[in-house]
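Contents: one structure, followed by commentary.
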Number of protein chains: 2
Amino acid sequence: MKSAKPIQNDINRESEEIKQLVSKFRSLNIQITPQRLVIASALTGTEKHLSVEDIHQIVRKKNSKIGLATVYRTLNLLKGKGLIEEHRFNDEFSRYELHTESHHDHLICIECETVIEFDQPVIEHLQDLAAAEKNFTIVSHRLQIYGICENCATANKKREKNPISP
Amino acid sequence: MKSAKPIQNDINRESEEIKQLVSKFRSLNIQITPQRLVIASALTGTEKHLSVEDIHQIVRKKNSKIGLATVYRTLNLLKGKGLIEEHRFNDEFSRYELHTESHHDHLICIECETVIEFDQPVIEHLQDLAAAEKNFTIVSHRLQIYGICENCATANKKREKNPISP
DNA sequence: GTGGCTGCAAAAAGTTTGCAAGAGG
DNA sequence: CCTCTTGCAAACTTTTTGCAGCCAC
């Protein structure tokens, strides 16, 4: 037989992710429940930074009875175990993403709210220097840059050339 | 006569600050009210990063009838006019400080919550580079470093040497 | 005088908690 | 089985809003 159908691949990917989550949970001493697996897989299934409400919506499509409180409790648990990271952009509510080995920072577009991740090891090094100067021991850090992304900048230029209202 | 008494100096400093605020308000087209002056002078009178509740407490000592809503409204107004800056450390509530010409970032102690300001122009330059690489136009940024300050580190070491409970 | 500001209370929005019933190991 | 988790609703926290009266200009 040849390769499976696309839909089958999706199911395979998903069940593969669930398997990995189960072993991750075991190794971290997290009790396994369907709710927790569905919530965690909402984050493994995307590269976006999801709000609690986003996650609640996604999760309800698979198990319509999951309550918002369970989503909050689970996210706090996973955060405590280091599986996911919490962010606050633009002083809004919390957003979550999977924790990855390599630390990265964020460029946030103030027009379309897109989040671009970037990595600047030299900046990290300079932070260490700045902290050392004040005898400060770094535990973690957060760097957020706000501005206009490439797409919005291009769109803005077009609008200037072809103004709808003069 | 010689120099004025210390208490008099305090009053002088304060009335001097009020005078400066009044002219600042005038130049920014902010209507002058006693409430607004008292709220703004709570921030000119300190280098700390005050929460809304902090400011409300301070302000009530001078004018006990000022409502929390007025504090919020005034802070939003002053923020909009660029007179003050809003920060969110450790995903808590908002804190405010006076806006200064030179941008600085923050070291936040996760034990005693002290905030130390620092300035690293080279980091700013590297941010520009990182943004340029993604064709991103920077509008503003926020860098927060969390860790242990010198005082707490020293205190922790002492505690290790002289443990109260073995 | 009158439009903007204030105080109060009520509402919003995001998040946490108490509790009885249910599920995991 | 016994503990930990869940769903629901209610509570809590921070911030915003509606409105009548008041104040700055």
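Residue numbering restarts at 1 for every chain, and letters A, B, ... go by the order of the sequence lines.
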_Shortest non-hydrogen contact between Ser41(B) and Val38(B), atoms and distance_ = OG-O, 3.1 Å
*Separation of dC5(C) P from Leu78(B) CG (nearest whole Å)*: 12 Å
*So which pairs with a foot in residues 16-28 of chain A pass side chain to side chain donor-acceptor pair (under 3.5 Å), sequence neighbours left out?*
Arg13(A)-Glu17(A), Glu17(A)-Thr44(A)
*What residues, two or more places apart in sequence or in another chain, satisfy side-chain contact (heavy atoms from CB on, under 4.5 Å) together with Glu113(B)?*
Glu92(B)
*asked:* Going by side chain to side chain donor-acceptor pair (under 3.5 Å), name the pairs with one or both residues in residues 61-73 of chain B, residues two or more places apart or in two chains.
replied: Glu14(B)-Lys62(B)
*Determine: side-chain N/O of Gln35(B) to OP1/OP2 of dA24(D), distance under 4.0 Å, yes or no.*
no
*Provide, to the nearest angstrom, the distance between the CG atom belonging to Asn29(B) and the C1' atom belonging to dG3(C).*
14 Å
*Can you list every ring pair (Phe, Tyr, Trp, His ring centres under 6.0 Å) pair that touches residues 109-129 of chain A, not counting sequence neighbours?*
none
*How close or far is atom P of dT6(C) from atom CG of Asn63(B), stated in whole angstroms?*
10 Å
*Residues two or more places apart in sequence or in another chain: which of them pass side chain to side chain donor-acceptor pair (under 3.5 Å) with Gln31(A)?*
none
*asked:* Rounding to 10°, can you tell me the angle the first-five-pair axis of the helix from dG1(C)-dC25(D) to dG25(C)-dC1(D) makes with its last-five-pair axis?
replied: 30°
_Residues that Asn135(B) engages under side-chain contact (heavy atoms from CB on, under 4.5 Å), provided they are two or more places apart_ = Glu150(A)
*Could you list the residues that satisfy salt bridge (charged side-chain N to carboxylate O under 4.0 Å, His left out) with Arg95(B), not counting sequence neighbours?*
Asp54(B)
For nucleotides 20-25 of chain C, tabulate all protein N/O to nucleotide N/O atom pairs closer than 3.5 Å, reporting atom names and distance.
{"from": "dG24(C)", "atom 1": "O3'", "to": "Ile32(A)", "atom 2": "O", "distance (Å)": "3.3"}

*Set of side-chain contact (heavy atoms from CB on, under 4.5 Å) partners for His104(A), sequence neighbours left out*: Glu97(A), Thr100(A), His106(A), Glu117(A)
*Tell me, with the steps shown, if Gln127(A) and His141(A) meet side-chain hydrogen bond (donor to acceptor under 3.5 Å, both in side chains).*
CA-CA 9 Å; Gln127(A) 285 175 21; His141(A) 78 267; 3.3 Å; yes
*Under the side-chain contact (heavy atoms from CB on, under 4.5 Å) test, residues paired with Asp119(B) that sit two or more places apart*: Pro121(B)
Give me the distances for all protein-to-nucleotides 12-19 of chain D N/O pairs that come in under 3.5 Å?
{"from": "dT15(D)", "atom 1": "OP1", "to": "Ser94(B)", "atom 2": "N", "distance (Å)": "3.2"}
{"from": "dT15(D)", "atom 1": "OP1", "to": "Ser94(B)", "atom 2": "OG", "distance (Å)": "3.1"}
{"from": "dT15(D)", "atom 1": "OP2", "to": "Tyr72(B)", "atom 2": "OH", "distance (Å)": "2.6"}
{"from": "dT15(D)", "atom 1": "O5'", "to": "Tyr72(B)", "atom 2": "OH", "distance (Å)": "3.3"}
{"from": "dT16(D)", "atom 1": "OP2", "to": "Asn76(B)", "atom 2": "ND2", "distance (Å)": "3.1"}
{"from": "dG18(D)", "atom 1": "O6", "to": "Arg73(B)", "atom 2": "NH1", "distance (Å)": "3.2"}

_Side-chain N,O (Arg36(B)) to OP1/OP2 (dA24(D)) below 4.0 Å_ = no
